[in-house]
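Nothing here was measured: the structure is a model prediction, and the numbers come from that model. A, B, ... follow the sequence lines: proteins, then strands. Residue 1 opens every chain.
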There are 2 protein chains.
Amino acid sequence: MAKVDPSLVADLPLFAGFGTEELGDILREARPARFAKNSAIFDEGQDAHSFFVLLHGHVRATKTTPGGEQIVVRYVAPGETFGVAMAIGLPRYPATATAVEDSVVLAWPSSTWPRLVAKFPALATNTLQTIGSRLQETHTRVVEMSTQQVEQRVAHALLRLAGQSGRQVEHGVEIDFPISRQDIAQMTGTTLHTVSRILSSWERSGLIAGGRQRIVLREPHKLLVLAEAASGEDGPPDRA
Amino acid sequence: MAKVDPSLVADLPLFAGFGTEELGDILREARPARFAKNSAIFDEGQDAHSFFVLLHGHVRATKTTPGGEQIVVRYVAPGETFGVAMAIGLPRYPATATAVEDSVVLAWPSSTWPRLVAKFPALATNTLQTIGSRLQETHTRVVEMSTQQVEQRVAHALLRLAGQSGRQVEHGVEIDFPISRQDIAQMTGTTLHTVSRILSSWERSGLIAGGRQRIVLREPHKLLVLAEAASGEDGPPDRA
DNA sequence: GCGGAAGTTTGCGCTGGCGCAACACCGGCG
DNA sequence: CGCCGGTGTTGCGCCAGCGCAAACTTCCGC
């Protein structure tokens, strides 16, 4: 039976406020697992058998519309929890989770959740905070999609990805996992083509650099300006 | 000091699994309050001093963009909780809450939350489920905004409102609180004008009936068909 | 090293729905 | 009872961004 070193996960938000001993109790119930790049960790609609903490790699969560289109719900970075359907009262996963690069997770059978929560109530409050901030982020996304142009939404998306999973490189910040134009389109509610056009234009003006499934932000600050700029900005409107 | 009859709130999701006695303990900390139509219950950015359960009336939650535009986050129906910022770790309200009609709430000072949760852990898990389903709904909204036409989004919005706060009337289901075209526009990420055009057209074809701040769904089923229909539908595409 | 698949770029024409503007309507208040 | 402000309707022109189509590039497996 594989063991997990408590010190590796002690400072994750999920485990805030736990001592080494309690942590050991919790980790004893988990088992580590590896997922190869592009493999599915679970599928939308499937029985929510486990919940996870991502230790290494990156995971993409997607939802599929009745019409068959996919949209990207979020990217999971190391240290984050995902697949907590059971905790929020869902018997089935509401989205599909796919490893976008080779990834390592800790998995707890969902059936352990009630027992763990009963024993460690702080798990519930920690999860509440996590879900709460995800709700906030999702609301922000709704607001953006309601009020901003595609170009601004793409800028925001890149900045958010860089903030969450950016790696400092020679001439800027690189998004630290493979991500296609299509993915960005599915995050921002637009099409592959439009994203490609926008990124090309930014690349021409030196704002970013890219490659196949790679994006480097060269001028994050300028991108931020672009993201905040109202389309027809020519002075602060006097809103009532 | 006003008292609250436990039997009035015993079957709210927030209090699922509580006995009359425990309920009394919790309710002792709350005080009821009335808010007149169009008055603010709290404002975005303000200190999250209290959290609430809506007993009567309807409340609209809105967010304001940096540019000054408003979008409607949700409508709160009787029995639902709102303003739970503190529970999800936010010191300030992330949105503005306005009574859209004369409303009665129960208010707990946010400072009581940690104590209540410590004493009654089920409060945390109940809230987790509530927030979880709100996260789901918000994701659904993102998906809709990403993939559907305005007309379909408006149809969905009306159906959701009817489901949540519909009142059976003579010739259909009426949305049971005052709601303007502008509000619907702010829920669906479009403009007042487009909503007006769509509703007019639906009214002409008998799908709905309306009036100032009133909407009656006459043919919910047809509306549902409209909501689900893909724009260029001419046969089920064979999606991989 | 050679194909083929996946990812990306780019041109072009079209249209959904936005922005503007003017008007009609309703209801409440003085 | 007449005015006035909030609400709703409608016409018109325009353009951001989509859909389609075709070519190109990079990576990977054989």
Nearest 0.5 Å please: distance from the [atom1] atom of [X] over to the [atom2] atom of [Y].
| X | Y | atom1 | atom2 | answer |
| --- | --- | --- | --- | --- |
| R134(A) | T138(B) | CZ | OG1 | 11.5 Å |
| L226(B) | H156(B) | CG | NE2 | 10.0 Å |
| K63(B) | T147(A) | NZ | OG1 | 11.5 Å |

inquiry  = Using a 4.0 Å heavy-atom cut-off, does Q213(A) contact any base of the nucleic acid, only the sugar-phosphate backbone, or nothing at all?
reply    =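 The residue Q213(A) makes sugar-phosphate contact but no base contact.
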
N/O contacts under 3.5 Å, protein versus nucleotides 22-28 of chain C?
none

ask   = Would you say the side-chain atoms of T140(A) pair up with the backbone N or O of Q136(A), donor to acceptor, closer than 3.5 Å?
value =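 Yes.
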
ask   = Hey, is the main chain of T62(B) close enough, under 3.5 Å, to the side chain of Q186(B) for a donor-acceptor pair?
value =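 Side chain of Q186(B) to backbone of T62(B), a donor-acceptor pair under 3.5 Å: no, none is there.
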
request  = Hey, could you give me each pair passing side-chain hydrogen bond (donor to acceptor under 3.5 Å, both in side chains) that has a residue in residues 165-180 of chain B? Not counting sequence neighbours.
outcome  =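 Qualifying pairs, neighbours excluded: H58(B)-S165(B), R167(B)-E174(B), R167(B)-D176(B), E174(B)-R214(B), S180(B)-D183(B).
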
inquiry  = Short of 4.0 Å, heavy atom to strand atom, which residues of residues 195-208 of chain B count as contacting DNA chain D?
reply    =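 Within residues 195-208 of chain B, the residues near DNA chain D are S196(B), R197(B), S200(B), R204(B).
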
inquiry  = Heavy atoms within less than 4.0 Å of DNA chain D: which residues of residues 169-190 of chain B have one? Give them sorted by number.
reply    =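 When residues 169-190 of chain B is checked for heavy atoms under 4.0 Å from DNA chain D, the hits, listed by number, are S180(B), R181(B).
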
So which atom in [X] and which in [Y] form the shortest heavy-atom distance, rounded to 0.1 Å?
| X | Y | answer |
| --- | --- | --- |
| K37(A) | P178(A) | NZ-CG, 4.0 Å |
| F51(B) | V84(B) | CB-CA, 4.0 Å |
| L223(B) | A155(B) | O-CB, 4.0 Å |

Under 3.5 Å, N/O pairs linking protein and nucleotides 28-30 of chain D:
none

request  = Would you work out how much the helix from dG1(C)-dC30(D) to dG30(C)-dC1(D) bends between its ends, with each end axis defined by five base pairs, to 10 degrees?
outcome  =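 For the helix from dG1(C)-dC30(D) to dG30(C)-dC1(D), the axes at opposite ends meet at about 40°.
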
Summary of ring pair (Phe, Tyr, Trp, His ring centres under 6.0 Å) pairs that have at least one residue in residues 187-212 of chain A, sequence neighbours excluded =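 Checked against ring pair (Phe, Tyr, Trp, His ring centres under 6.0 Å) - neighbours excluded - no pair reaches residues 187-212 of chain A.
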
In whole Å, I'd like the distance from the [atom1] atom of [X] to the [atom2] atom of [N].
| X | N | atom1 | atom2 | result |
| --- | --- | --- | --- | --- |
| Q149(B) | dT15(C) | CD | C1' | 10 Å |
| Q148(A) | dC18(C) | CD | P | 16 Å |
| R153(B) | dC18(C) | CZ | C1' | 12 Å |

For [range], which residue pairs pass the salt bridge (charged side-chain N to carboxylate O under 4.0 Å, His left out) check, not counting sequence neighbours?
| range | result |
| --- | --- |
| residues 48-59 of chain B | none |
| residues 135-153 of chain B | E144(B)-R160(B) |
| residues 40-55 of chain B | D47(B)-R92(B) |

message = Among residues at least two apart in sequence or on other chains, which ones pass side-chain contact (heavy atoms from CB on, under 4.5 Å) with V76(A)?
response =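 Result, side-chain contact (heavy atoms from CB on, under 4.5 Å) vs V76(A): L54(A), V59(A), R74(A), E80(A), F82(A).
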
ask   = Can you name the side-chain contact (heavy atoms from CB on, under 4.5 Å) partners of H49(B), sequence neighbours left out?
value =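 Result, side-chain contact (heavy atoms from CB on, under 4.5 Å) vs H49(B): Q46(B), F52(B), Y93(B).
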
